[in-house]
2 protein chains.
Amino acid sequence: MYDVAERSGVSIATVSRVYRNPDSVRQQTRDRVLAAARELGYVPSGNARGLASRSTGVLGLCFPDSSDPDTESEAGESDDDDAAMLYSDQIIRGMERAARRHGYALLIAASLKVGPESLVAKVAGRVDGFAVLARTVPTEDLEVMSRRLPVVMLAGPRESEQLDHLDHIEVANEYGERELTRHLLADHGLSRLAFIGSAEDSPDVAARFRGYRAACAAAGVPVGDVPDLRAPTMTQAEGARAADALLDRAAAEGTPPPQGMLFANDQMAVGALHALERRGVRVPDDIAVTGFDGIPLSRLVRPALTTVRQPMRRMGEAAVELLVQRLAGRNGTGTGAGSDLTVRPGVPVSLMLPVSVARRASCGCG
Amino acid sequence: MYDVAERSGVSIATVSRVYRNPDSVRQQTRDRVLAAARELGYVPSGNARGLASRSTGVLGLCFPDSSDPDTESEAGESDDDDAAMLYSDQIIRGMERAARRHGYALLIAASLKVGPESLVAKVAGRVDGFAVLARTVPTEDLEVMSRRLPVVMLAGPRESEQLDHLDHIEVANEYGERELTRHLLADHGLSRLAFIGSAEDSPDVAARFRGYRAACAAAGVPVGDVPDLRAPTMTQAEGARAADALLDRAAAEGTPPPQGMLFANDQMAVGALHALERRGVRVPDDIAVTGFDGIPLSRLVRPALTTVRQPMRRMGEAAVELLVQRLAGRNGTGTGAGSDLTVRPGVPVSLMLPVSVARRASCGCG
DNA sequence: TTGAAAGCGCTAACAG
DNA sequence: CTGTTAGCGCTTTCAA
């Protein structure tokens, strides 16, 4: 910058102005500066700029390092560029779009190791605010960071009391599963259902199970306090295993098999579809199968999977809107108007995004 | 940082060490610093760090601001969270993965307006190196930036002579379309084909057309010097229009309609599928249809679309590998070993990623 | 091991 | 409209 200033015979302040506020510089001067910059290959340092102005114009997103979900090693056509669009991809897309609208760039990183020097720390230090997928960053670290810049938590409920002040966006897990269950119960007249959860029972899964129970209870159908089965991981392989286990168990106990299997996510449901096919069990004629998430794959499988679709993209957008508002409120700029959601300083926002049941073939609708 | 230093009774230099090189500080001191940092809610400033150390630990990606490809307003189930995974999404995914492996975060931004203060400029100023999708950034700006940091150009051929020194990665467009055409000609015995390009004829499209011509020529099939039709934009709507136009033209001229329509991308081909269906033309029985890209949608449509799959994800990974190597070579670190591709300072790398023909129903294979 | 001091490249008041 | 002058928060020799 000093070089540019010297070469164009102005002060560094003027060079700065040319980039920040071009109209405050005489056309002629501006051209001279720009020309010099070009000749010298000058690229303004975002770092220096950020340091001096205390803002980066960048928003961040941290998500878990989840290695690719398996494909039950059934390696189809989609070896590499598979159609499966991950959660994080959708959120990224939503955030990128919204960020762009507001003139922000997006910095993304999967949390690798923890401790100082984690990618998350790097992100936190380089953005004006960021979103985190639940359970990605240790609570304590999050707490510290959220003291310096706006943080919004995505998917998954408000965590421990430590993080009460964080904005947070989730989807209507409970409601979705409840509606789905009700559909099976009321519209398809099923009555013997099974819910397959996960070992850890993430908050999301727990909420879904609650919805399941609520619907059963409302319909007067007996239902246990815990999922009928908990898969170690929510993968296709485990889904397949779960379906087998459920059927084997019924056979061993001499009880009739369930008429419907409700999986806590699509991945498992898809795996179950395969397992049932292998056993010669017809879906949905013999057993209805449902998932949760609405991943693209759910529409590709045969029978197409009935599921609950989550608006991940909107979640990303909402996250950005929230962050932008927090930032506006922070530096006095903006009154909070112009958006459908208004935040008040100090008052954490909690958004619950609506979901919708996709009735497809696997429950007998398609 | 000063606060942390004071509170823990050390100098700022020590605080710095705790984060950069923990082992160089006595355990006891370290703990004291970390504790203070926690209490104060200290988050190291990436900006200051970057400014002082002249490196950010972030790689960037700039892609075009292409608004969402239309869906021919046929608003199916996929209103919002559609399965369509864009090019950029795949590249982002590939880059993110690779970047993560190397300890980098990824900064992404679609180029909005040009000039100073564009998002691209922001990206360039905040990263150690970045990738650009061809035709996203004005040549001149790119030239300037590439003088300061490594830039790799994605998809699309080497641009003007100005950018000869840039690394660059493309896919085998010509080869792919040639194979595809050969397949239609030789395996399906078609002979009257039509190629639908685009108005601007991007380098990619041009390459595909070359492949088409080459295959035709090799088979002794007459072929024009220019595409049979150029769609204004490569959208579904235009693809539909193109199919109609081609058929109408043949009818008007009293010539037999083409036996195969080769579209320059999947979007158009999908649109054509719809148009043909509306006209009662059977695919592939009456006319074969092919696309290019291998977007997820191509597998969803009926008949499934025969196309050429591009390894976008790998392209993202390759881009990162290239950048990382350039950076390593720059600061002396790393010898360039450890990767399958080795770059030499000053010598631009040019990668051509392989593609594969996906033979599906729309050409009569499925 | 730790501290002191000199910037990194830019913005942001203020003066002119 | 343009120049001056302080820092922004951290890394980094060089000493101690």
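Residue numbering restarts at 1 for every chain, and letters A, B, ... go by the order of the sequence lines.
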Rounding to a whole Å, what distance do you find between B:Gln27:CD and C:dT1:P?
12 Å
Take A:Pro44 and B:Gly9, find for each the nucleotide of DNA chain C with the closest heavy atom, and name the residue whose nucleotide sits nearer the 5' end.
B:Gly9
Take atom CG of A:Leu51 and atom P of C:dG9, then tell me their distance rounded to the nearest Å.
12 Å
Verify the contact: side-chain N or O of A:Ser11 to OP1 or OP2 of D:dT2, cut-off strictly under 4.0 Å; return yes or no.
no
Side chain of B:Ala13 - closest among C:dC10, D:dG3, C:dG3
C:dG3
Quick one: is C:dG3 close enough that its OP1 or OP2 comes under 4.0 Å of any side-chain N or O from B:Arg17?
no
Could you check whether any side-chain N or O of A:Gln90 sits under 3.5 Å from a backbone N or O of A:Met312, counting only pairs where one atom can act as donor and the other as acceptor?
no
Could you check how far CD1 of B:Ile12 sits from C1' of C:dC8, rounded to whole Å?
13 Å
If you compare all heavy atoms of A:Val43 against all heavy atoms of B:Met145, which two are closest, and at what distance to 0.1 Å?
CG2-CA, 3.9 Å
Can you see whether B:Glu321 engages B:His102 through a side-chain donor-acceptor pair at a distance of less than 3.5 angstrom?
yes
Whole-Å distance between C:dC10 P and B:Arg126 CZ?
12 Å
Would you say A:Arg26 reaches D:dT2's phosphate, i.e. side-chain N/O to OP1/OP2 under 4.0 Å?
yes
Could you tell me the separation between the CD atom of B:Glu317 and the CZ atom of B:Arg97, rounded to the nearest 0.5 Å?
8.0 Å
N/O (side chain, A:Tyr2) to phosphate O (OP1/OP2, D:dG3) under 4.0 Å:
no
Determine yes or no for a side-chain-to-main-chain donor-acceptor pair under 3.5 angstrom, with A:Arg126 supplying the side chain and A:Thr56 the backbone.
no
So, OP1 or OP2 of C:dT2: does either fall under 4.0 Å of a side-chain N or O from B:Thr29?
yes
State which of C:dC10, D:dT2, D:dC14 makes the closest approach to the side chain of A:Ala48.
C:dC10
NA contact type, A:Val15, heavy-atom cut-off 4.0 Å: base, sugar-phosphate, or nothing?
nothing
Separation of C:dT2 atom P from B:Asn21 atom CG, nearest Å, is 12 Å
Can you check whether A:Ser45 has a side-chain N or O nearer than 4.0 Å to OP1 or OP2 of C:dC10?
no
Round to the nearest Å and state the distance from B:Met1 atom CE to C:dT2 atom C1'.
13 Å
In terms of side-chain heavy atoms of A:Arg20, which of D:dT11, C:dT11, D:dC14 is nearest?
C:dT11
Using OP1 and OP2 only, check whether a side-chain N or O of B:Arg49 sits under 4.0 Å from C:dC8.
no
B:Lys122 has an atom NZ; how far is it from atom P of C:dT11, in whole Å?
12 Å
Report, as yes or no, whether the 6.0 Å neighbourhood of atom CD on A:Glu6 holds more than 12 heavy atoms from other residues, nucleotides or ligands.
no
Integer-rounded Å distance: C:dG9 C1' and A:Leu40 CG
14 Å
Hey, does the side chain of B:Ser24 come within less than 4.0 Å of C:dT1's phosphate (OP1/OP2), counting only N and O?
no
